[in-house]
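Heads up, the thing below is written out as structure tokens.
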Amino acid sequence: MNNPRWSPLVIIPVSAVSMPSYAIDYLTAEEAQQQIFSSEHQFVETPLLLSDDNKDQIKDLSGVRQRKNEQKFWKVMQGDQQVGWFTVDDVIGKHEYISYAVGIDLKGEVTGVEILSYRETHGGQVRQADWRQQFVGKSLQDSVKLGKDINNISGATLSCRNITDGVKRLLVIHKLFLISQKVS
Amino acid sequence: MLRRARPFLGTLVEVGLSDNVAQAPEIATQALESAYSVIADIEKRLSFHRADSELSRLNQSPGQWVKLSRHATRVLRLAKQLGMLTGDYFNCTVGGILVKNKHLPLNVAHSFFPLGSSSDIEISLDSVRLKRPVLVTLDGIAKGYAVDQAVAMLRRHGVKGGWINAGGDLRVFGTARLNIQQRDYRGLHGNLLLANSALASSRLAEKPTREFPAQLITQGFLKRKTHQVALPEQTFSPKAEQQESIISVKAASAWRADALTKVAANLPQSQRREKIAQLGGTLIDFKSLAENERLSRYEKTEWLS
């Protein structure tokens with residue numbers, strides 16, 4: 001009898017080419033504003049200050065810890081009418097630091113998420129091992145060419161779970177502290 | 001160059017346009033938006049996590065013909081065919097185990113088998129039927145498929161070159177060239193110039209850890225030892241990360257590269273290269289690439305001097 005044996009292997013898709021080489025900037029906050037809303041909207045910066053009690057409340061409702069005492073928000077205005085909120089946030093994973101922007105409409109629904117920048121958090125470690133080796137034998141000419149090529153790294157485990165959690169936290173903040181502020 | 005990343009398919013999906021961006025920025029932006037909406041659409045239809053996806057509808061109705069969209073029937077057909085070709089080394093009916101192990105959510109009310117085989121899936125022109133109550137998960141193939149469809153969309157918009165990388169499933173097309181390195185716990189390896197093809201990488205581990213965003217349990221006839229990486233002499237007990245290996249497969253399309261990393265993971269190391277080639281992929285060993293690269297460079301220098 002040929003009994004197929006179960007081997008409970010775990011296979012994880014890893015970033016075949018992790019998005020970036022160590023760091024990449026996709027958009028500035030201003031560009032993301034235009035991308036998620038439009039160039040016809042005005043953005044009024046409205047920072048939100050959070051007390052320790054506020055932060056506990058956020059943690060309770062979203063299950064995610066709010067690190068910062070000040071969360072950046074912008075009121076999105078069309079003329080003198082507010083149409084939504086724009087916010088910039090960042091999440092720190094074990095391997096990466098991601099900064100991203102979220103648009104929220106007045107109903108509290110997400111209208112768009114854009115990654116602003118991505119940083120590998122252990123660039124130092126990357127550099128230690130074979131990293132230097134890749135430059136061995138490369139001339140100035142080569143490095144110029146290297147600059148033109150887009151370098152990517154494979155093997156990084158990328159998950160957007162951190163971002164999903166982050167968005168959940170931002171929606172809780174919106175519900176708790178911003179809905180009452182929507183009248184400009 | 002236009003380069004954006006958004007969270008989709010449980011990872012970050014990067015879309016890069018390397019050509020005709022400056023000449024026609026509006027077309028480029030439109031192309032980018034369309035590519036992301038294709039991905040969002042496929043995610044909505046094929047996600048196991050969503051109780052209202054077409055895939056969940058299929059899983060909820062074993063024994064019945066379920067009318068599905070073109071995308072869903074195509075991916076299921078590819079998954080079934082690859083399952084049959086590989087004697088279920090690629091097996092998309094492992095949803096039951098993953099649900100029982102709490103790696104995937106429970107979206108069905110009936111009792112189900114932990115796993116089935118590709119012959120449990122019956123496909124007609126626009127409908128699919130599960131012959132037995134198995135749970136189909138397309139984790140191992142749908143991400144690659146979404147990348148392929150999004151690349152097709154970019155091309156339809158006239159984009160001449162670019163790439164899409166869905167956290168591990170990458171496809172480069174047209175005039176674009178990507179330089180790729182692989183990273184493991186020891187650092188960076190290799191230097192692969194990718195043009196007009198797809199590359200998928202999967203990390204293979206024997207024990208699940210909390211960090212892993214997705215898990216796929218696969219059927220194997222193999223002894224586990226065959227999956228271990230050749231490591232530098234171990235005089236101490238290796239850390240969890242050192243028991244992992246990364247498998248990269250190159251193919252013409254991203255769905256194939258994606259699915260073949262799972263097949264490769266199930267094969268003994270000695271058979272991987274040959275079998276993957278038979279199935280239309282190329283196993284990429286970044287570590288030997290690195291050596292070749294250095295060697296050729298060294299030889300070149302010798303010649304010049």
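Note that this is a predicted model, so its numbers are computed, not measured. All chains are named by letter (A, B, ...) in the order of the sequence lines, taking the proteins before the strands, and each is independently numbered beginning at 1.
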Would you indicate whether A:Glu40, at its atom CD, is surrounded by more than 12 heavy atoms from other residues, nucleotides or ligands within a distance under 6.0 Å?
-> no
Value rounded to 0.5 Å, distance of CG in B:Leu12 from OH in A:Tyr26 | 7.5 Å
Should we say atom NZ of A:Lys55 is surrounded by more than 12 heavy atoms from elsewhere, each under 6.0 Å from it?
-> yes
Residue B:Glu26 excluded, over 12 heavy atoms near CD under 6.0 Å = no
Measure the CZ-CD distance between B:Arg4 and A:Glu114 for me, rounded to the nearest 0.5 Å.
-> 6.0 Å
Between CD1 on residue A:Ile115 and CD on residue B:Glu14, distance to nearest 0.5 Å | 10.5 Å
